[in-house]
Amino acid sequence: MDEYKKQENAVRYLRKWNIKKRLRAAFIFTTIIPLILLGVFCAINYWNDVNEKLTDTFVQIMRGLNKTLDVTAERYLNYSYPIITSDGINMALQDHEAKEGHKSLDRILGESGIDDYLWIGECDNMLLYDNELEKVSSMGGVAPEESGIAAIIKELERSGANHVWRYAKNEIGGNSTVFVKKIYSKYTEKEQIGYLVFLFSERSFFRLIYDEVDIGDRADVFVVDENGNYLSSQRDKEKLGTNIEEDISGYQFWTQEKSGKVNMDYRGESSQVIYEYNRKMDVFLVTAVHMSYINQGVVRMLELILMVLAFIIVLCIIIVHFMDRSIVEPIRNLLKFTDAVSAGDYEKEIRDSSEDEMGKLTRYSNAMVKKLVWYMKKIEEDGTERRKLEIQNLQYQIQPHFLFNTLNTFKYIALINNVESLGKGIEALSSLLKNTVNSKEEMIPLTDEVKNIKNYICIQEFRYAGCLNMKYQIEDAAGCHKVPRMLLQPLVENSIVHGMKEDTVLTIWIEAAIREGKLHIVIEDNGAGFAPGKRIQKKQRFSGIGMENIKERIRLIYQEKGDFKVTSKLGYGTSVEIVIPARSIEHV
C-alpha cells in the first residue's frame, strides 16, 4: 500500500507539468542522457583499449631495441677480450721504453697477430691509457676530450666495475659514445695496468639501434646512464651529456625497478614513459610518448561519436516534434473544444479522422456533445409536455366546495329518507373526489391510493352489483411508501371498463411488495383481455387517464429507474406490473 501511495504521489507530481514538458523530459531522460552516457562509456573503453594496446606495442618495441643493444654491447665486449689479453698491449702498458716509443695501436695489434680487429665496425678510434690516464697509443683517429675521458675513467674506478659506457665530446666537439674497459696484467694476477677505450660517433653507433624506429611525431627514444645523463637521443642531440632531471623529475626510481612504464611529465607535457634496463651496458633505454599522440585516435573516435550523437539527437528532436504534434496538438484542440462547449457553444465541432486513441477520443467527444444537446432538447420537450399535462389536469378540476356541499346535501337527504346504501355511495364519491380532485400532493402513501380504489369500487358496486370481486395483498412495508397520486385507480377503472364480461364475476387482484430496494405493484384481472398490438377503444371514464398517460408519468418522475409493463391475452385477462424506486414516508 505504501508503494502504491508513493507511485500515486509521483504521478501527481508529474501531472503538475503539462504533457508537452513531460514528453520532452521523457525524451531527455530516455534518449539524450543514455546516448551521452553510452558515448562517454564507449570513449572511455576505447581510450583504455587503445592506450593499453599502444603501450603494449611500445613495450615490445623497447624490448626489441634493448635486445639489439645487448647484441651490440656483447659484440664490443667480445672484441675487447683478445685485445686486452694480447702480449703487445701488455708490453706497451708495462714497458716504459715501449710507452716512450708511442707505437700506433694498429702496429701493436699487427705485431700481436690480432690485426683482424682493426677499425672495428662503427668505431672511430681505439685508444690505450695507462693508470695515470696518459694516452699510450691509438689508432690515429679523432680522440676524446682529455677532461671528458679522465672523468669517465675516474667514475669507472669509483664504481668498481670492469667497463663502462658513457657520453663524451671528442676533440673536435662532436658527440661520441665511449666504451672504457679496464686492462689487467697478463703476467701478474689482478694487477691493473691501464684502460682500453673505444670511441664511437654517437649517430653511427646508435643508428642501427633505433634509426628505423618511428614511434610518433611527438615521441623520443633515448639512452641514459645510471646517473641520468643522456648517452644518446633519437631526435634531440642537444640534450646529449645533460641530465634527464631537467626533463623528467623523479626518474631515480628507475634504478630500483629497472623496467616498467609510468605516466609523468616529460619536458612539461603529460607523457607515457617506458624504460628498459640494459645490463650489458649498464644504461637505460627510454622512450617518452606524449599523451596527445596516444590520444589522437581517441580524439578522432570522440569526434565520430559526437557526430553520431548529434545526428541521433537531431533525428530524435525531429521525431519528438512530430510526436508532439500528433499528441499534444490534438489534446490542445480538444481542450479548446471543451472550453467552447463549457461556454455554451454547442454548435462547435472538432474534426479528427485519425485512427489512433486521440482521434477516437475526439470523435467520442463530438458524439457526446451531440447526445448532450439531444438530451437537453428532450428535457425541454418533456418539461413542455409536463406543463401541458398539468394545465390539462387543472382544466379537469371543478369547483370543489360547491360539489362537496351539494354531495353532502344529497347524503343527508338519503339518510333522512332511510336510503342507507345511497348515502354510503354518496359518501364514497365525496371521499374519492376529495382525495383526487382537491388534493394538492403529487406523491401520496400507497395505503391512501388503496383507499381511493376502495371508494371507487364502492361507487361501482351500484352499477355492477354482485359482479365485482376485489382482492388486496399489500405488505405492511410497501404500504408506507409513496407513489404518484392517481397511479392505480385508473388501472382498476381500466380493468372494469374493458374487462367486464357478461354473466361473469370480474375479479381484480392488487399486490404490492418491496424487493431489492424497489416497490413492485401488480394489478391483475380475469376480464376480457385484448390481443397484443390492438388499440383499446376509448370509453367515458371517471379519471380520463389512460395507461399511456400513466406510463408517461412514471417516465417523467422516475426517468430510467421506473418500469411499466402490460401483458394481456384475449379472453383470459390483463396484468399490469409497475416497478418504481421505494420511497418511504420518512425519506420523502
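- Exactly one of Thr72, Leu285, Leu65, Asp70 qualifies for a side chain to side chain contact (heavy atoms under 4.5 Å, CB included) with Asn278. That residue is Asp70.
- Taking 4.5 Å as the limit, some side-chain heavy atom of Lys182 sits within range of a side-chain heavy atom of Glu157.
- If you take CG on Leu128 and OG on Ser138, they are separated by 8.5 Å, rounding to the nearest 0.5 Å.
- Taking both residues in full, the closest heavy atoms of Asp87 and Lys186 are given as OD1-NZ, 2.6 Å, listed atom of the first, atom of the second, then distance.
- Put simply, CG on Asn263 and NZ on Lys261 are 9.0 Å apart, with the number rounded to the nearest 0.5 Å.
- Of the possible donor and acceptor atoms, none in the side chain of Asp124 sits under 3.5 Å from a partner among the backbone N and O of Ser204.
- Using the six-membered ring where Trp is involved, His290 and Tyr266 have ring planes that are tilted, between 30° and 60° apart.
- With Val283 as reference, Leu69 is the one residue of Asn229, Leu69, Val164 to meet the side chain to side chain contact (heavy atoms under 4.5 Å, CB included) rule.
- The minimum heavy-atom distance linking Ala168 with Ile152 is given by the pair CB-CD1, 3.8 Å.
- Proximity of Ser271 to Val289: side-chain heavy atoms (C-beta onward) are nowhere separated by under 4.5 Å.
- With sequence neighbours left out, the side-chain contact (heavy atoms from CB on, under 4.5 Å) criterion links Asp563 to Lys565, Val579.
- Considering Val178, Asn175, Thr177 as possible partners of Tyr167, the one that fulfils the side chain to side chain contact (heavy atoms under 4.5 Å, CB included) test is Asn175.
- Inspection of the Ser176 and Glu202 side chains reveals no N or O donor paired with an N or O acceptor under 3.5 Å.
- Taking all atoms of both residues into account, the shortest heavy-atom contact from Leu93 to Gly194 is CD1-CA, 4.1 Å.
- The shortest side-chain heavy-atom distance between Phe284 and Glu276 does not fall under the 4.5 Å cut-off.
- Looking only at atom types and distance, the side chain of Tyr184 has a donor-acceptor partner in the side chain of Asn162 under 3.5 Å away.
- In this structure, the separation between NZ on Lys169 and OG on Ser147 is 11.5 Å, given to the nearest 0.5 Å.
- Inter-residue side-chain proximity for Val142 and Leu199 is flagged as met; some heavy-atom pair is nearer than 4.5 Å.
- Note that CZ of Arg158 and CD1 of Ile153 are 12.0 Å apart. Values are rounded to the nearest 0.5 Å.
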Candidate pair Arg555 and Glu560, rule salt bridge (charged side-chain N to carboxylate O under 4.0 Å, His left out), full reasoning: CA-CA 7 Å; Arg555 188 187 69 81; Glu560 302 296 331; over 6 Å; no

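- One distance of note links CG of Asp220 with OG1 of Thr287; it measures 7.0 Å at 0.5 Å rounding.
- Between Gln60 and Thr57 the shortest side-chain heavy-atom distance does not fall below 4.5 Å.
- Atom NZ in Lys239 sits 5.0 Å away from atom OG1 in Thr242 (nearest 0.5 Å).
- Tyr277 and Asp282 form a side-chain donor-acceptor contact under 3.5 Å, judged by distance and modelled atom types alone.
- Within a 6.0 Å radius of NZ in Lys67, other residues, nucleotides and ligands contribute 12 heavy atoms or fewer.
- Contact annotation: the side chain of Glu146 never approaches that of Lys135 to less than 4.5 Å [non-hydrogen atoms, C-beta and beyond].
- Classification of the Trp165-Tyr76 ring pair by plane angle, with boundaries at 30° and 60°, yields perpendicular.
- In terms of heavy atoms, Ser159 sits closest to Leu156 at OG-O, 2.9 Å.
- Judged by distance alone, the side chains of Tyr230 and Asp247 do bring a donor and an acceptor atom under 3.5 Å apart.
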Intermediate values then yes/no, side-chain contact (heavy atoms from CB on, under 4.5 Å), Arg166 and Met281: CA-CA 9 Å; Arg166 289 294 181 267; Met281 296 180 66; over 6 Å; no

Chi angles and distances behind the side-chain contact (heavy atoms from CB on, under 4.5 Å) call for Ile84, Lys181: CA-CA 9 Å; Ile84 62 177; Lys181 185 171 179 62; 3.6 Å; yes

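- For the pair Ser233/Leu240, a side-chain contact is recorded, criterion being any heavy-atom separation below 4.5 Å from C-beta on.
- In this pair, Phe179 and His163 present their aromatic rings perpendicular. The plane angle is above 60°, beyond the 30 to 60° band.
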Ile149 vs Val180, side-chain contact (heavy atoms from CB on, under 4.5 Å): CA-CA, chis, key distance, verdict: CA-CA 9 Å; Ile149 197 64; Val180 181; 4.0 Å; yes

Intermediate values then yes/no, side-chain contact (heavy atoms from CB on, under 4.5 Å), Asn66 and Met62: CA-CA 6 Å; Asn66 203 23; Met62 293 299 290; over 6 Å; no

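- Looking at every heavy atom in both residues, Ile183 comes nearest to Tyr195 through CD1-C, 3.6 Å.
- Put simply, the side chain of Phe198 reaches to within 4.5 Å of the side chain of Ile83, judged on heavy atoms.
- With sequence neighbours left out, the side chain to side chain donor-acceptor pair (under 3.5 Å) criterion links Tyr129 to no other residue.
- When atom types are taken as modelled, the side chain of Thr68 and the backbone of Gly64 share a donor-acceptor pair closer than 3.5 angstrom.
- For the pair Ile193 and Asn131, the tightest heavy-atom approach, listed with the atom from each and the gap, is C-OD1, 3.4 Å.
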